[in-house]
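Just so it is clear, the values below take in all heavy atoms, side chains as well, and ignore hydrogens, waters and symmetry mates. Residue numbers start from 1 in every chain, and the chains themselves are labelled A, B, ... in the order their sequence lines are given, proteins ahead of strands.
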2 protein chains.
Amino acid sequence: MTATRRSDTKSEILDIAERYWLRQGYNGFSYQHIAQDLGVKSAAIHYHFPAKGDLGVALVERMRRRFVRWAERTDAEIVGFWPRFDAFVAIYEAYLDDGKKLCPSGILDAEYHTIPEGMQEAAHGLTTAILRWLTRALRAGREAGEVSFNGEPEGAAIVVGATLQGAVQIARSLGRDAFHTTVEHLKKLLHP
Amino acid sequence: MTATRRSDTKSEILDIAERYWLRQGYNGFSYQHIAQDLGVKSAAIHYHFPAKGDLGVALVERMRRRFVRWAERTDAEIVGFWPRFDAFVAIYEAYLDDGKKLCPSGILDAEYHTIPEGMQEAAHGLTTAILRWLTRALRAGREAGEVSFNGEPEGAAIVVGATLQGAVQIARSLGRDAFHTTVEHLKKLLHP
DNA sequence: GTCTATAGGGAGATAGAC
DNA sequence: GTCTATCTCCCTATAGAC
């Protein structure tokens, strides 16, 4: 019985932890929450992740890898700036609809001064990966005449990233509509 | 000696708590942190704010009152959309430069699911006050031909609010420049 | 890989003296 | 208004049995 599960207990822990993390923040859950959901004792979690910081770093790194894979697949399969933009927005929409989660960057930035150093570094890596993809997408989109903005694509990328990060947060108290309103207006601002 | 301080101990507590709050979040400080900075015992804080939730609500309400006063003063003293916009941005800039604080809305939204109910309601009030002012400023600015956007001013207001909220967060890991880049690009997007 | 047991600390909060 | 003392609970983490 245990054997069936043993091999991927580690990723099960990550799955459960990720749920709590994106909803309540890194400081908003404990090993006991995870252990209870998993049906084991909290001490058992320490076998897989000795310190909570190890779990935190693993969560962020997994997010980064997941995003990089998403970006590769999107670039390969989806053509045109606006379809790609919509696919990107859909990531945030999924967070919002799945229990009012936040995007990982938003959580990480908000708790920045209280998380372990390793997590801060991993957070930087995640943010950078996201902004790099956005920059590439915006640059290609402008060259194709699909999108309009002044200045460097790097700057426009931060605007898009910051706006979506803020929008998914504001939607927590103002509701889903606030998110969609923000996205619609952002799109209008970027249209040529 | 105590008499000199006694009358405004309550606001001293709020001042100290606010510093911790905007830097580390509501769950990132305790009565002991405040008590130590104030030179008293943590039990003494409970006299002024029986439960931590009372302190939390007081922090948010004070922020809202402060913003409303700021808005009245700004509307009376500063003329024109862009000067008002810059004054608004300066609020966030001050957060960033004063120890990489976040804007209160950003903290409140991020910790939304872990803060007391009273704080959630107060958070809603604060966000609403900010968006109402932005909406008024944007509407008047468009009527005067100073700013350009499509659709309702309410929607553009959320975009501006969300972008600044996100920008001040991203600046925690990417640095001050990321904030200013975002603001510059946002301004370009809104220029007629 | 999971268990029990437990250490050690910090949290929020209360009672009652001064 | 501030103190000491104390309670209770939960947290992270470790040691060692199974």
> Considering only D/dC3, C/dG10, C/dC3, which nucleotide approaches the side chain of B/Ala44 most closely?
Replying inline: D/dC3
> Cation over ring, B/Lys10 on B/Tyr47, under 6.0 Å and within 45°?
Replying inline: no
> Do you see a donor-acceptor pair shorter than 3.5 Å between the side chains of A/Glu111 and B/Gln24?
Replying inline: no
> If you find the nucleotide of DNA chain C closest to A/Lys41 and the one closest to B/Tyr26, which residue's nucleotide is nearer the 5' end?
Replying inline: A/Lys41
>> With a 4.0 Å cut-off on N to O distance, would you call B/Asp109 and A/Lys100 a salt bridge?
In response: no
>> Measure CD/B/Gln24 against P/C/dA11 and give the value in whole Å, please.
In response: 11 Å
> The side chain of A/His48 lies closest to which of these nucleotides: D/dT12, D/dC3, C/dT2?
Replying inline: C/dT2
>> Quick check on C/dA11: is either OP1 or OP2 less than 4.0 Å from any side-chain nitrogen or oxygen of B/Ser30?
In response: yes
> Should the pair A/Glu93-A/Arg176 be classified as a salt bridge under the 4.0 Å nitrogen-to-oxygen rule?
Replying inline: yes
> Quick one: A/Phe29 CZ to D/dC10 P, roughly how many Å, whole number?
Replying inline: 18 Å
What does the list of N/O pairs under 3.5 Å between the protein and nucleotides 13-16 of chain D look like, with a distance for each?
from	atom 1	to	atom 2	distance (Å)
D/dA13	OP2	A/Lys52	N	2.7
D/dA13	N7	A/His46	NE2	3.2

>> Check this for me: does any side-chain nitrogen of one of A/Glu18 and A/Lys101 sit under 4.0 Å from a carboxylate oxygen of the other?
In response: no
> In terms of the angle between their ring planes, are B/His191 and B/Trp82 parallel, tilted or perpendicular, with boundaries placed at 30° and 60°?
Replying inline: parallel
>> How many whole angstroms separate atom CD of B/Gln36 from atom C1' of C/dA11?
In response: 14 Å
>> Rounded to whole Å, please give me the gap between CG in B/Asn27 and P in C/dG12.
In response: 9 Å
> Quick one: is A/Tyr47 getting a side-chain N or O under 4.0 Å of the C/dG1 phosphate, OP1 or OP2?
Replying inline: yes
>> I need the CD1-P distance between B/Ile34 and C/dA13, as an integer number of Å.
In response: 12 Å
> Rounded to the nearest Å, what distance is computed from the NE2 atom of residue A/His33 to the C1' atom of nucleotide D/dC9?
Replying inline: 13 Å
>> Can you see if the side chain of B/Gln32 gets near the phosphate of C/dA11 - specifically, an N or O under 4.0 Å from OP1 or OP2?
In response: yes
> When you look at NZ of A/Lys41, are more than 12 heavy atoms from neighbouring residues, nucleotides or ligands closer to it than 6.0 Å?
Replying inline: no
> Rounding to a whole Å, what distance do you find between B/Ile45:CD1 and D/dC3:P?
Replying inline: 9 Å
